[in-house]
Number of protein chains: 2
Amino acid sequence: MVVEASCLCGFCILQIDEEVAKLLELKARLGGDDGKHQFVLKTAKGTRDYNPKQMAIREKVFNTIISCFKRHGAETIDTPVFELKETLTGKYGEDSKLIYDLKDQGGELLSLRYDLTVPFARYLAMNKITNIKRYHIAKVYRRDNPAMTRGRYREFYQCDFDIAGQYDAMIPDAECLKIVYEILSQLDLGDFRIKVNDRRILDGMFAVCGVPDDKFRTICSTVDKLDKMPWEDVKKEMVNEKGLSEEAADQIGEYVSMQGGMDLAERLLQDQKMSQSKQACAGLCVVFDLSLARGLDYYTGIIYEAVLSQAGVAPVSTEAQNGPPGEESVSVGSVAGGGRYDGLVGMFDPKGRKVPCVGVSIGIERIFSIMEQKAEASAEKVRTTEVQVMVASAQKNLLEERLKLVTELWNAGIKAEVMYKKNPKLLSQLQHCEESGIPLVAILGEQELKDGVVKLRVVATREEVDICRADLIEEVRRRTSDAS
Amino acid sequence: MVVEASCLCGFCILQIDEEVAKLLELKARLGGDDGKHQFVLKTAKGTRDYNPKQMAIREKVFNTIISCFKRHGAETIDTPVFELKETLTGKYGEDSKLIYDLKDQGGELLSLRYDLTVPFARYLAMNKITNIKRYHIAKVYRRDNPAMTRGRYREFYQCDFDIAGQYDAMIPDAECLKIVYEILSQLDLGDFRIKVNDRRILDGMFAVCGVPDDKFRTICSTVDKLDKMPWEDVKKEMVNEKGLSEEAADQIGEYVSMQGGMDLAERLLQDQKMSQSKQACAGLCVVFDLSLARGLDYYTGIIYEAVLSQAGVAPVSTEAQNGPPGEESVSVGSVAGGGRYDGLVGMFDPKGRKVPCVGVSIGIERIFSIMEQKAEASAEKVRTTEVQVMVASAQKNLLEERLKLVTELWNAGIKAEVMYKKNPKLLSQLQHCEESGIPLVAILGEQELKDGVVKLRVVATREEVDICRADLIEEVRRRTSDAS
């Protein structure tokens with residue numbers, strides 16, 4: 001390359017006319033005045049920035065989740081943030097109204113992705129993939145009513161793990177539940193429960209309760225609201241808005257209040273009416289919450305949802321008051337959910353070829369907000385960088401020497417910083433270390449340069465030792481082996 | 001939680017009525033038929049999916065870049081994918097027409113971010129931050145003419161590193177150049193050059209060439225096209241479209257053909273006309289390419305751009321024919337660029353308060369496409385998972401035992417897989433290992449279970465050894481210490 005190293009490590013800096021600084025300032029002041037200052041400074045409704053502290057927490061959570069996905073042998077893919085509008089059409093039932101459309105600027109009609117599942121199905125059909133175990137971590141978009149304090153946003157992350165392929169019954173399904181269990185345990189979010197149900201049981205239940213077939217999906221999405229509204233309101237919606245008969249609604253009410261383990265399975269199997277529905281019987285396998293319905297249209301078999309039962313998590317506690325009937329512990333809402341969707345890929349395949357799929361989505365935003373509170377509560381502060389050593393000086397006119405040393409450290413892979421001042425005060429250099437948790441300071445002075453040493457200061461203890469310059473890199477590595 | 005471990009590790013699976021599988025199939029076939037199969041299966045124009053192999057390469061490149069940013073002590077932030085439309089208005093000059101707007105669905109007018117720099121400036125002004133060194137890796141959106149084979153997309157990643165704050169001249173600027181140098185060297189992309197120029201020199205040059213002040217920016221964005229069009233066309237655009245005088249254009253032509261090191265700086269300082277422009281003299285510091293202009297309006301000082309000079313990189317070679325004048329080596333186009341923008345934050349501050357900034361953006365998509373070619377060319381194939389061991393069996397009815405063992409491995413943090421079949425053929429299990437590069441197979445049989453051992457097979461050598469079950473985890477770790 002043409003730029004000499006000298007330019008990069010600071011020699012030429014010293015040649016620069018002070019003029020530059022003045023001119024930059026002048027230019028800047030001029031530059032700014034054509035800017036318009038009247039408008040509102042904000043992010044779009046229902047969205048937020050992540051500051052460095054939030055990003056540090058986010059990185060930690062993602063690492064836990066990704067290592068679980070990798071442990072289970074998942075590959076990863078990525079898809080564009082927007083899809084052809086028609087790709088999303090007819091996949092989300094009543095939720096479709098929440099899709100963000102792009103403005104027609106000529107060319108294709110586009111929409112922002114609403115989840116990662118439909119793009120995944122489109123990807124499989126488009127590339128004729130019949131077997132894959134993949135995870136996908138990306139942002140999705142819903143023009144929903146935001147409740148940011150509860151971690152409900154219009155732009156939010158989803159962490160999806162899905163298994164596509166024709167396999168023996170319930171084996172991939174069980175691995176998805178195992179993954180939810182591993183991730184929620186490792187994130188150490190306190191007690192949680194995984195509610196499990198099956199769309200075929202719900203359909204069977206609706207049938208025996210006298211719900212007309214063409215009303216199954218719409219009644220299903222009303223039942224799904226049980227974790228947000230009390231039963232009375234859910235019933236009202238069924239009867240008044242969706243035209244279901246009083247008594248059909250009441251019968252549904254009885255079933256959805258049932259929860260339990262194998263005992264419930266038994267009870268259901270013995271239940272006069274339910275046992276008439278062959279379809280319902282087939283789905284009986286694990287632990288149930290008959291109030292679990294899931295909003296989305298595309299599920300065809302097992303469905304599940306994980307809720308934290310940990311009390312006293314402020315941001316979502318308001319939601320707990322009107323939890324579903326029979327919910328004894330204080331719920332902070334769903335943090336993971338998913339199920340089997342065997343019909344979705346077929347909707348994209350020209351010949352309607354099926355690719356059975358089952359998957360789970362981790363509701364990461366709620367987990368973030370819980371983690372953030374924990375961090376706020378805890379004593380030790382979150383570091384937002386991993387800097388191991390600050391190169392400092394107590395004397396004037398050593399910028400060039402500081403730049404030389406920090407370059408040596410960078411080239412050795414040490415995370416290091418230097419202040420962007422010609423003659424910074426030692427105090428302000430040490431203060432920066434205190435604030436950002438940098439453990440070591442490498443101090444240079446005329447004497448040290450003469451003796452070929454560096455004064456290494458431990459910020460916590462203020463202990464200082466002279467290190468032979470040739471040994472500095474090893475010494476820094478030794479003292480920060482964890483951070484590096 | 002309520003779901004018993006047994007459900008998760010496969011006991012109950014064995015109890016399930018075969019009914020389930022049949023019903024799933026039936027349900028799926030029915031479920032699919034309401035799907036509409038006529039429409040085009042594609043991603044939006046100028047966008048692409050990343051398949052697992054591409055993701056593996058992407059992860060590798062990101063890790064290199066992020067570790068460089070962290071080595072230099074940068075924090076990271078994230079901002080929403082869309083901003084209020086007015087936030088982007090008046091920041092990009094002629095490029096503004098390439099911004100994606102969202103449809104007005106009631107509420108705010110929104111646009112997809114066009115780069116990461118304007119959102120960064122908005123973030124600083126909004127949070128009154130006057131000092132930060134941050135990196136931001138995210139996708140940006142431009143309704144540009146895509147050239148996907150050359151890595152030019154409408155949705156593409158940017159990797160930005162910026163230093164905000166009032167510091168001594170050129171010190172942060174030099175670190176940005178150092179970072180470009182480190183990243184491009186470590187990615188091992190062959191020779192590259194970093195062209196450097198200064199907006200103040202360009203403005204000085206325009207002044208002495210007789211370009212009217214109000215035409216500086218628009219002429220600037222024409223000069224920027226020199227790396228895409230031959231000089232004749234650039235001149236035509238200046239004269240015919242932008243109404244510049246024939247002779248002014250010719251004078252610009254002389255200057256922009258100059259390139260070199262300190263010698264050029266000298267020549268410029270001695271140059272009769274240039275030396276009249278105090279402004280131009282102030283910017284003279286490093287190595288120059290006077291044809292470098294950068295498209296964006298907001299730069300106020302030093303600007304730079306890195307180009308690979310490596311010949312024979314197919315996808316972009318077409319671009320090389322009409323490189324800028326004086327470009328001797330075959331250019332594959334810009335892979336990094338940036339500069340100083342001291343006015344931008346002030347445009348967002350109600351009181352117009354300045355926050356001087358300098359930064360660099362790595363053009364990662366082009367780097368991806370080069371890396372992908374390299375991978376295609378090279379012999380050893382890219383692994384898309386990190387699975388260390390496959391739990392297999394040669395005999396029937398051992399699903400439960402396979403699930404038990406793989407659960408033991410997962411709980412120990414080993415990356416492990418099992419086939420989702422009740423009775424898979426040993427051959428197909430081994431084939432899966434060959435295809436996806438899984439190094440070890442843990443084989444279970446009646447005999448092994450009786451003896452409390454596992455047959456560990458090395459896929460590459462086909463060597464098989466019996467390992468005491470208690471020692472399996474250690475043995476797998478030992479044999480895959482690099483992959484784990």
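Every chain is numbered from 1, with letters handed out A, B, ... down the list of sequences.
Atom CD of B:E386 and atom NZ of A:K70 lie 4.0 Å apart (nearest 0.5 Å). Summarising the geometry, atom OG1 belonging to B:T43 is positioned 9.0 Å from atom CZ belonging to A:F82; distances are rounded to the nearest 0.5 Å. Note that OH of B:Y100 and CG of A:L112 are 11.5 Å apart. Values are rounded to the nearest 0.5 Å. B:N51 contributes atom CG, which lies 12.5 Å from atom OG1 of A:T79 (distance to the nearest 0.5 angstrom). Here OG1 of B:T384 is found 13.5 Å from CZ of A:R134. Values are rounded to the nearest 0.5 Å.
Note: B:D78 leads B:D78, B:T385, B:D168 in heavy-atom pairs under 4.5 Å with chain A. Comparing A:S185, A:G165, A:P80 by how many heavy-atom pairs each has under 4.5 Å with chain B, the most go to A:P80. Interface check for chain B: of the options A:P119, A:G73, A:A306, the most heavy-atom pairs under 4.5 Å are formed by A:G73.
Salt bridge B:E108/A:R154: absent, no basic N to carboxylate O contact under 4.0 Å.
Aromatic ring orientation, B:Y420 versus A:Y167: perpendicular (interplanar angle above 60°, classes split at 30° and 60°).
The closest donor-acceptor contact from the side chain of A:D101 to the backbone of B:K103 lies at 3.5 Å or more, if one exists at all. Judged by distance alone, the side chain of A:Q105 and the main-chain N or O of B:I99 form a donor-acceptor pair under 3.5 Å.
Under the ring pair (Phe, Tyr, Trp, His ring centres under 6.0 Å) criterion, A:Y153 pairs with no residue at all, not counting sequence neighbours.
The two residues A:I414 and B:R71 come nearest to each other via the heavy atoms O-CG, 3.1 Å.
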